[in-house]
Every structure is written in structure tokens, then in C-alpha cells.
Amino acid sequence: MTALADTELETETEELTVREAIRQAMREELRRDEDVFLIGEDIGVFGGVLEVTGDLYEEFGPERIKDTPISEAGFMGAATGAAATGTRPVVELMFSDFAGVAMEQIMNQMAKMRYMFGGKAEMPVTVRTTEGGGMGAASQHSGTIHSWIAHFPGLHAVAPGTPAAAKGLTKAAIRSDDPVFVFENKMIYEQKGQVPTDEDFTIPLGEAAVEREGEDVTVVATQRLVGESLQTAEGMADDVDVEVIDPRSLYPLDTETIVESVRKTGRLIVADESPLSYGTHAEIIARVQEEAFFSLDAPIQRVGTPDTHMPFSPPLEQEVLPTGEDVRNAIGRVT
Amino acid sequence: MADYDLQSEAGRRDALRRMVTIRAFDEEAGDRFADGEIPGFVHLYIGEEAVGVGTCAALEPDDYIASTHRGHGHCIAKGLDPKYMMAELYGKADGYCNGKGGSMHIADVDEGMLGANGIVGAGPPMATGAALSIDYQDRDQVAVGFLGDGAVAQGQVHEAVNIAATWDLPAIFVIENNHYGEGTPVEKQHNVDTLSDTAQAYDIPGVTVDGMDVTAVEEAVAKARERARAGDGPSIVEAETYRYRGHYEGDEEPYRDDAEIERWKARDPIETFKDRLIDRGELTEDEFDDLQAEVEAEIDAAVEFALEADDPTPEQAYEDMFAEMPPEIDRFATAARTDGGESGGDRR
């Protein structure tokens with residue numbers, strides 16, 4: 001467990017947005033390790049469709065910021081082959097929905113090579129991709145697919161909810177010798193927060209952060225819902241003392257920090273934008289009941305996207321997107 | 001690591017020996033599979049030996065190859081040891097992949113063998129990726145992606161070749177046209193008559209050579225390698241060949257007749273190359289018999305090794321998922337069913 005208030009913020013920090021934090025992470029790792037290069041669609045001169053790679057091209061040029069054809073299977077496969085042969089590619093998959101095009105490379109090659117070959121292949125590849133609804137991008141550009149990846153053996157999945165987590169996890173992903181997917185919720189790119197300036201600041205995979213301490217109910221929230229849950233918690237502070245945990249890493253998952261919290265509060269809400277059925281919520285809840293069933297004082301609640309695709313029309317999108325208000329209602333049901 | 005070429009007498013003899021070794025290995029693997037000793041599926045390379053050996057003869061020892069589901073021949077051509085290959089087919093701890101891969105996933109990345117592959121068309125993206133590493137680090141190597149005729153219809157193959165061509169990567173795509181994609185003839189899978197014509201779409205060289213002739217394959221791949229190393233990008237080499245056995249062992253082959261198989265056998269790559277070496281005075285029938293006997297002894301020893309090798313331990317099922325074992329898996333790794341499952345009751 002890492003409590004932000006206790007450790008990470010003792011170091012020198014600066015205020016960055018999530019977008020800036022991710023870009024800074026990549027800049028530092030590109031400077032640190034010549035084997036690292038970026039590969040994806042329109043990440044060079046264009047700066048990335050959501051402007052995350054931004055000006056990196058100016059510093060590192062076309063050799064290290066590689067614009068690809070629109071060939072998700074091709075460049076995901078090339079990154080896999082490159083990772084197995086001595087380099088450390090960082091892939092930008094423009095929207096996570098496009099994983100469908102590249103899934104063969106992800107599930108049958110990237111995820112399996114090390115294991116199938118009895119450990120004879122290295123796979124130091126990072127895949128950054130955007131998730132989430134909220135900007136009217138409709139069903140094929142708004143998906144939240146991290147449960148697929150976290151479910152699939154051989155892949156790590158992280159999903160930052162704050163600028164500090166975004167930087168620390170991106171750097172940890174690039175330094176990892178295993179495939180790591182970094183799921184960036186597109187609605188929080190402008191969210192600001194304090195980020196450590198130390199170039200060796202990383203957040204180890206599998207460490208959750210207690211973003212707010214509380215005694216009455218535990219909210220495990222991811223991505224956009226971390227900030228919204230913190231706001232909700234502040235708004236309810238007179239009535240209920242809410243603990244908010246950002247797991248940050250979905251696989252591996254810091255079960256211990258979540259379980260410790262539930263042992264204390266006896267109540268759990270899991271808030272994650274992925275579709276409700278068969279996913280991230282279910283996994284977290286299953287682990288809590290394995291370890292802390294007898295500490296529970298109320299039924300566990302889930303906040304997520306009902307099992308629909310993301311509709312285009314703003315009123316429809318707002319209907320299905322999970323929000324801090326849903327977290328408030330869930331807390332209300334169990335306290 | 002294999003270091004041989006067809007320019008010297010010793011190299012030609014080495015190439016012949018490798019082709020004989022591939023055939024002996026696969027005949028033995030087929031027999032042992034039929035006996036029920038080898039689990040899973042096996043796809044045999046018998047008949048296609050000149051393609052793998054001709055290709056690897058044109059390569060330098062540290063070049064990469066990415067193989068297919070029919071990969072035994074590529075492994076031997078590249079220089080992998082039949083002993084550890086056979087142990088892998090038997091699922092033993094001493095196999096190339098510690099028994100975790102089997103016939104379809106034999107690999108030795110350090111030796112430049114990026115794996116046999118159970119997914120049709122997955123080799124070319126891997127080769128493009130290896131070529132990308134080579135190019136990025138400015139290394140003096142090339143990467144070969146083998147693919148079958150059936151894989152030419154795969155979307156990921158197009159993407160991989162297009163990227164390699166667009167970026168002038170040092171890759172070579174070797175199409176082994178054995179005339180059947182599983183059980184469907186090549187002409188029913190593609191609109192082009194000549195598969196190497198697809199190279200025109202990428203503005204790269206595409207040639208079709210006699211895949212039953214190890215020399216023809218070697219010459220074409222050597223030329224492609226030279227182009228790749230000059231920084232001019234990839235080539236497509238189509239080798240027309242034939243598999244004598246079914247798609248997999250047990251295939252009843254309703255899609256072809258014996259007469260067709262016999263026509264191809266008349267052009268057998270080992271026989272024709274052997275005859276050529278004899279005609280050139282580089283080999284005698286007796287020497288060839290000795291060579292075959294040596295190879296057979298080597299394969300017998302490989303089977304012996306595989307039979308005597310240890311099974312993997314139950315704990316090995318949990319190893320090599322990641323560089324660092326996550327707690328999710330560690331909880332099983334530390335309580336493997338070493339006692340046949342009795343202790344496992346409280347962990348799942």
C-alpha cells in the first residue's frame with residue numbers, strides 16, 4: 001500500500017495535467033534509454049490525435065517517434081517482434097476500441113510468447129490507449145475495454161486516475177520487461193494535480209493508493225471516477241466518512257490495500273467505467289469476499305456502465321455514463 | 001546457430017545433411033505421433049526441405065527467422081538441435097520451451113529462431129518487428145518471415161509487408177507455396193495465379209522459384225538479403241513446393257490423389273540435390289548412405305533423449321508468465337499439485 005499523503009508528496013512536485021504527466025513520463029524515458037521508441041498513428045508531427053505525444057517529435061525526431069500506416073495489427077505485431085529482439089517499443093493505440101483490429105497480435109503473440117517459449121522471449125512493450133465516453137465520440141471511439149486485457153493472462157493493465165499515477169505508471173510500464181497496457185481515460189487529460197519531479201519516480205505495478213482516508217465506507221474507483229468519487233466524498237463528509245482507493249494497477253491488483261480498507265469500513269463500492277457484467281467490478285468484489293467476507297456489513301455495490309455501448313447523443317451518453325452521483329447513491333444505499 | 005552456404009563443397013554437403021535430418025526427424029515424429037507418444041498436433045515438413053534449408057543457407061548465423069505451424073524444418077535449417085526439439089515434442093522439461101510450447105511453438109530467440117507459430121500469417125509481423133529492431137539499432141542482420149500460401153490471404157500479412165516496404169526494413173518474406181491451405185487448393189484461395197505477384201502492391205521485388213531446388217531458393221534469398229542489407233527494403237520470395245504428408249498427421253486428404261503426390265515426389269528435393277552432388281563428383285552413393293545412417297542414429301538418439309528426459313515439474317506451469325511473478329499466480333505456484341492434487345483443495 002502507498003498512501004500518497006505519506007510518501008510520494010514528500011518529494012518535490014509540480015502541477016501537471018494528466019496529459020502533461022504522461023508526455024513527461026515518455027520524454028524522461030526516451031532520454032534515459034535509447035532502446036525506447038514510440039510507435040503509432042499520427043503521434044509525430046501531428047502530436048497524437050488527443051495531443052498526448054505533443055512536441056516529443058521535435059526533440060526525438062522520426063526515428064524515435066514513428067508514425068505508422070493505419071495498420072493496428074501490423075504495428076502491434078511489429079512492436080511485439082521488436083520487443084522480442086532487443087528494443088522497447090511504446091505503442092499508442094489511438095482508441096482502445098481499435099484493439100479489436102490488433103487483438104490477434106495482443107492475445108496470441110505478445111501475451112503468450114514468453115510462456116510458450118519457456119521464458120526464452122523478452123517482451124518489454126508498453127501499449128498506451130484511450131478509453132471512455134463523455135465527448136460524443138460514439139460507440140467505436142468511447143469503449144472501456146481494460147477488463148479484457150486485465151483478464152487475459154500474460155498482460156499487465158494499469159489505469160491511472162490522477163496526474164501522479166499517470167506519470168508513475170507510464171514510467172513503470174516502459175521500464176517493465178513485460179507487456180503493460182496503460183489505459184488513459186480521455187476525459188481526464190486536462191485534470192491537474194501535483195506530480196513528483198524526480199526522474200526516477202515510478203509507481204510499481206500492483207500498488208494501490210489510498211487517495212482519501214475514511215472510516216465508514218470504501219470506494220474503489222478508477223480513472224475519471226477517482227476524482228469524482230473524491231468530490232462526492234467531500235460533499236458527504238458531514239454525514240459519512242468515505243475512504244477512496246485508486247487501485248491504479250488492475251493486473252496485478254493490490255488486493256491487500258483494498259481488503260485492509262474493507263476490514264476497517266465493512267462497506268465497499270466499486271466504481272469503474274467498464275461495462276458491469278463479467279469484469280473489473282466482479283474481480284475486485286470476488287477478491288474482497290475471499291479475504292474479508294466476514295468483515296462486510298452491507299452488500300457490495302457496483303457503479304459502472306450498464307451493459308450498453310456508448311451512445312452518440314449527449315443525453316443518451318449522460319444516461320449511461322457512471323458518475324460521482326452514482327457513487328453517492330451507492331453509498332446512500334449501504335450507510 | 002547454422003553457418004553454411006552453398007558456395008563450398010562442405011557447405012553443400014551440410015545443406016544436404018540438413019535436408020536429410022529434417023526428413024528423418026519428421027518421419028520419426030510422425031511415427032511417434034501415430035504411436036500415441038507425442039501429444040497434440042504435428043504438421044510435418046516432409047517434401048519442403050529445400051525451402052527452409054535454401055533460405056537459411058543464404059542467411060548469416062545471427063539473422064532471424066519467424067516460422068509457421070509447420071516449423072520443424074525451419075528449426076533444423078536454422079541450426080536448432082533435434083535432441084531438444086524432440087524433447088519439446090514429447091513435452092519434456094529439457095525441450096526448447098521446457099515443454100510449454102510443443103511442436104507448434106518451438107523457439108530459441110537467442111539463436112535467431114522467433115518461434116514456430118500456431119496462427120497462420122503471424123510470422124510476417126514478427127519478422128517486420130525484428131527487422132524494426134535491426135534497423136533501429138543499426139545492426140547487420142535481416143529477418144525472414146516464413147508463410148504458407150494460405151497465409152497470403154491473411155490481413156496481418158498485408159499490414160506487415162506494407163510496413164516493412166514503406167520503411168525499407170531488412171525483412172524477407174518467404175512464401176512456401178505447397179499448393180494447399182490446409183485442405184483447400186491454392187487457386188481457390190487467391191485471385192492471382194502467382195503469389196509473388198502480390199509484391200507489386202508494395203513496389204518491392206517478388207520472385208517465384210522452384211522450391212524443390214535448394215540452390216534456386218538459396219540464390220533468391222541471397223539476393224533478397226543483399227537488397228535488405230543495402231537498405232533497399234524487403235522482398236517476397238515464393239518457393240513452389242509440396243508437402244508429401246497431410247496438413248497434419250491424421251489428415252485423410254480427400255482433396256488430392258496419389259498421382260499428384262507421386263508427380264511431386266519425382267522431383268524430390270533431397271534426391272535431386274544428392275544426384276547433383278554425385279554428378280559433380282562431390283559425393284558417392286556410399287557416402288550418402290553413411291550420411292543417412294549418421295542422421296538416423298542422431299534422430300534415434302534424439303528420441304532416446306526425449307524419452308528419458310524428465311517431465312516438467314508442476315511448478316513449471318506457473319513459471320515464465322511474466323519477468324516477475326505476480327501474486328495472482330504465485331499463490332498457485334507455491335501450492336502446486338505435487339501430490340497429485342490432494343493439497344490443492346484449499347487453494348482454488
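Chain letters run A, B, ... following the sequence lines, proteins first, then strands; residues in each count from 1. Quick caveat, the model's predicted, so the values are computed rather than measured.
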Inset, instruction - Mind ranking A/A78, A/A111, A/G206, A/A84 by heavy-atom pairs under 4.5 Å with chain B and telling me who comes out on top? - result: A/A78
Inset, instruction - Could you tell me which of A/A82, A/P179, A/A83, A/P252 has the largest number of non-hydrogen atom pairs under 4.5 Å with chain B? - result: A/A82
Legend entry - Per-residue contact mode, A/M76 against chain B (heavy atom under 4.5 angstrom): neither
Legend entry - Top of A/S71, A/P153, A/P89, A/G119 for chain B proximity - count of heavy-atom pairs under 4.5 angstrom: A/S71
Inset, instruction - Give a yes-or-no answer on whether the side chains of A/Q223 and A/D246 include a donor-acceptor pair shorter than 3.5 Å. - result: no
Legend entry - Max heavy-atom pair count under 4.5 Å with chain A, selected residue of B/N98, B/D108, B/V109: B/V109
Inset, instruction - Could you look at A/L155 and say if it's the side chain, the backbone, both or neither that has a heavy atom under 4.5 Å from chain B? - result: backbone
Legend entry - Contact winner vs chain B - A/V101, A/D35, A/D177, heavy-atom pairs under 4.5 Å: A/D35
Inset, instruction - May I ask you to name which of A/S176, A/A73, A/A121 has the most heavy-atom pairs under 4.5 Å with chain B? - result: A/A73
Legend entry - Selection from B/Q156, B/E328, B/H105, B/M321 maximising heavy-atom pairs under 4.5 Å formed with chain A: B/E328
Inset, instruction - Sort B/F322 into side chain, backbone, both or neither according to what part of it lies under 4.5 angstrom from a heavy atom of chain A. - result: both
Inset, instruction - Under 4.5 Å heavy-atom distance to chain A, tell me which part of B/E319 shows up: side chain, backbone, both or neither. - result: backbone
Inset, instruction - Determine the interplanar angle of the A/F95 and A/H141 rings, folded into 0 to 90°, and report it as parallel if under 30°, tilted if 30 to 60°, perpendicular if over 60°. - result: perpendicular
Legend entry - Check: B/D63 side chain, B/E60 main-chain N or O, donor-acceptor pair, under 3.5 Å: yes
Inset, instruction - May I ask you to say whether A/K171 pairs ionically with A/D200, meaning some side-chain N is under 4.0 Å from a carboxylate O? - result: no
Inset, instruction - Return the orientation label for the B/H43 and B/H69 ring planes: parallel under 30°, perpendicular over 60°, tilted otherwise. - result: perpendicular
Legend entry - Interchain contact, B/L114 with chain A, by part (heavy-atom threshold 4.5 Å): both
Legend entry - Distance-only side-chain donor-acceptor flag, A/T222 / A/D272, under 3.5 Å: yes
Inset, instruction - Identify which part of A/E72 has an atom lying under 4.5 Å from any heavy atom of chain B, answering side chain, backbone, both or neither. - result: backbone
Inset, instruction - Name the option with the most non-hydrogen atom pairs under 4.5 Å to chain A; the candidates are B/L132, B/V161, B/I134. - result: B/L132
Legend entry - B/Y84 and B/Y96 aromatic ring geometry - parallel, tilted or perpendicular at 30°/60° bounds: perpendicular
Legend entry - Segment of B/A317 engaging chain A (4.5 angstrom heavy-atom cut-off): both
Legend entry - Residue among B/R139, B/H158, B/E88 with most heavy-atom pairs under 4.5 Å to chain A: B/R139
Legend entry - Segment of A/Q105 engaging chain B (4.5 angstrom heavy-atom cut-off): side chain
Inset, instruction - Could you label the plane-to-plane angle of the A/H146 and A/F183 rings as parallel, tilted or perpendicular, counting under 30° as parallel and over 60° as perpendicular? - result: perpendicular
Inset, instruction - Pick whichever of B/P125, B/A66, B/A164 has the most heavy-atom pairs under 4.5 Å with chain A. - result: B/P125
Inset, instruction - May I ask you to say whether A/R31 pairs ionically with A/E28, meaning some side-chain N is under 4.0 Å from a carboxylate O? - result: no
Legend entry - B/D330 side chain to B/A333 backbone, donor-acceptor under 3.5 Å: no
Inset, instruction - May I ask you to name which of A/Q109, A/E34, A/E63 has the most heavy-atom pairs under 4.5 Å with chain B? - result: A/Q109
Inset, instruction - Let me see the working for A/H156 and A/F181 under ring-ring contact (aromatic ring centres under 6.0 Å, His included), right down to the final yes or no. - result: CA-CA 6 Å; A/H156 289 315; A/F181 278 67; over 10 Å; no
Inset, instruction - Output yes when a side-chain donor or acceptor of A/S147 lies under 3.5 Å from a complementary backbone atom of A/T280, and no otherwise. - result: yes
